[in-house]
Colleague: 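I'd like to ask some things about the structure below.
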Amino acid sequence: MAVDRFQAWLAATDSGVHVREFPQGTRTAVDAARAVGCELGQIVKSLVFVAAGRPVVALVSGANRLDERRLGEVAGEPVAKADAETARAATGYSIGGVPPFGHVTAVPVFMDRDLIRFPVVWAAAGRPDSVFEIEPGRLLELSNATVVDLK
Ligand code: 5CA
């Protein structure tokens, strides 16, 4: 199971991250915010795009809509949403559970600046019913992301 791969990555990294399962589901940002009981903006969407021919991951606040032009400026044009199979091959996880780090290939990660203003945020943990809480600074470290205005 993908959650086990993510759990293994967390353990190997000594991340201090604890995954929480929600039987009611966390497949979308709205689902996740409802399950956790946090603001929609505190949910980290891990969106897979293809930019200049290579997969990239954009970590976007659940309250924001990513501006593909902004992503293109930092990741390279043209930008298009990855299809489900491309997203899975690049990250090792299916859409709805893609985590912000611990991917099976070295995918460049870009992080929405708006996530930084929250004390903690919640991100997908490899499955559509599992998320974890993390401080934005730690998320930045573990994902090795570039912070940008993405909305
Ligand atoms: N677990 C939740 C909250 S952490 C989650 O993963 N949300 S998400 O926003 O990061 O992932 C769902 C996103 O995947 C959608 O917002 C949408 O942008 C994208 N998506 C959904 N279906 C497809 C599809 N068929 N092809 C490509 N992208 C898709």
Side-chain angles (χ1 to χ4, degrees), residues 1-7 9-10 15 17-72 74-75 78-105 107-140 142-151:
M1 290 296 266
V3 76
D4 299 331
R5 186 180 321 119
F6 187 65
Q7 293 272 26
W9 190 94
L10 291 174
S15 64
V17 163
H18 298 289
V19 172
R20 285 189 54 191
E21 266 184 58
F22 291 91
Q24 64 268 49
T26 57
R27 183 179 297 276
T28 68
V30 169
D31 293 342
R34 189 176 297 139
V36 168
C38 69
E39 273 182 57
L40 183 57
Q42 285 177 278
I43 299 299
V44 181
K45 297 189 284 189
S46 301
L47 306 178
V48 188
F49 285 85
V50 176
R54 58 173 195 175
V56 302
V57 168
L59 308 181
V60 182
S61 165
N64 290 346
R65 191 186 152 78
L66 177 136
D67 179 348
E68 293 191 13
R69 243 191 31 227
R70 288 291 302 122
L71 183 61
V74 290
V79 166
K81 195 165 265 191
D83 65 35
E85 186 44 45
T86 302
R88 212 168 75 81
T91 68
Y93 301 91
S94 298
I95 286 167
V98 176
F101 46 72
H103 306 136
V104 294
T105 72
V107 195
V109 180
F110 299 90
M111 179 169 158
D112 183 350
R113 192 179 301 284
D114 282 1
L115 288 168
I116 292 182
R117 65 192 177 85
F118 296 104
V120 298
V121 294
W122 293 80
R127 263 182 13 180
D129 66 350
S130 298
V131 291
F132 63 92
E133 184 184 50
I134 191 167
E135 292 174 10
R138 185 77 174 128
L139 173 61
L140 184 56
L142 288 175
S143 63
N144 200 23
T146 303
V147 176
V148 275
D149 287 309
L150 282 175
K151 70 169 185 295

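Order of appearance sets the numbers: ligands from 1, and atoms from 1 within every ligand. Numbering of residues begins at 1 and proceeds along the displayed sequence.
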Colleague: Only distances under 3.5 Å count here; give the side-chain donor-acceptor pairs of residues 95-103 to other protein atoms, sequence neighbours excluded, each with its distance to 0.1 Å.
Modeller:
residue	atom	partner	partner atom	Å
His103	NE2	Pro99	O	2.6

Colleague: Relative to the heavy atoms of Ile95, which atoms of ligand 1 are at a distance of less than 4.0 Å?
Modeller: 14 (O), 19 (C), 20 (N), 21 (C), 22 (N), 23 (C), 24 (C), 26 (N), 27 (C), 28 (N), 29 (C)
Colleague: State if Ser46 counts as touching ligand 1 under the rule of any non-hydrogen atom under 4.0 Å.
Modeller: yes
Colleague: Regarding Arg5 and the six-membered ring of Tyr93, is the cationic atom NZ or CZ under 6.0 Å from the ring centre and inside 45° of its axis?
Modeller: yes
Colleague: If I apply the N/O under 3.5 Å rule, does Thr26 come out as touching ligand 1?
Modeller: yes
Colleague: Under 4.0 Å from ligand 1, counting heavy atoms only, is it the side chain of Lys81, its backbone, both or neither?
Modeller: side chain
Colleague: Take atom 18 (O) of ligand 1 and look for protein heavy atoms under 4.0 Å from it; say yes if you find one, no if not.
Modeller: yes
Colleague: Within ligand 1, which atoms have a heavy atom of Arg27 less than 4.0 Å away?
Modeller: 1 (N), 2 (C), 5 (C), 6 (O), 7 (N)
Colleague: Looking at ligand 1, does Ala82 have a heavy atom less than 4.0 Å from it?
Modeller: yes
Colleague: Considering the options Ile43, Val36, Val19, which one meets the side chain to side chain contact (heavy atoms under 4.5 Å, CB included) requirement together with Val131?
Modeller: Val36
Colleague: Can you find an N/O atom of Val44 closer than 3.5 Å to an N/O atom of ligand 1?
Modeller: no
Colleague: In a table with atom names and distances, give each donor-acceptor pair under 3.5 Å that connects a side chain of residues 50-63 to protein atoms at least two apart or in another chain.
Modeller:
residue	atom	partner	partner atom	Å
Ser61	OG	Gly41	O	2.8
Ser61	OG	Ala63	N	3.3

Colleague: Strictly distance-based, threshold 3.5 Å: is any side-chain N or O of Asn64 a donor or acceptor partner for the main-chain N or O of Leu66?
Modeller: no
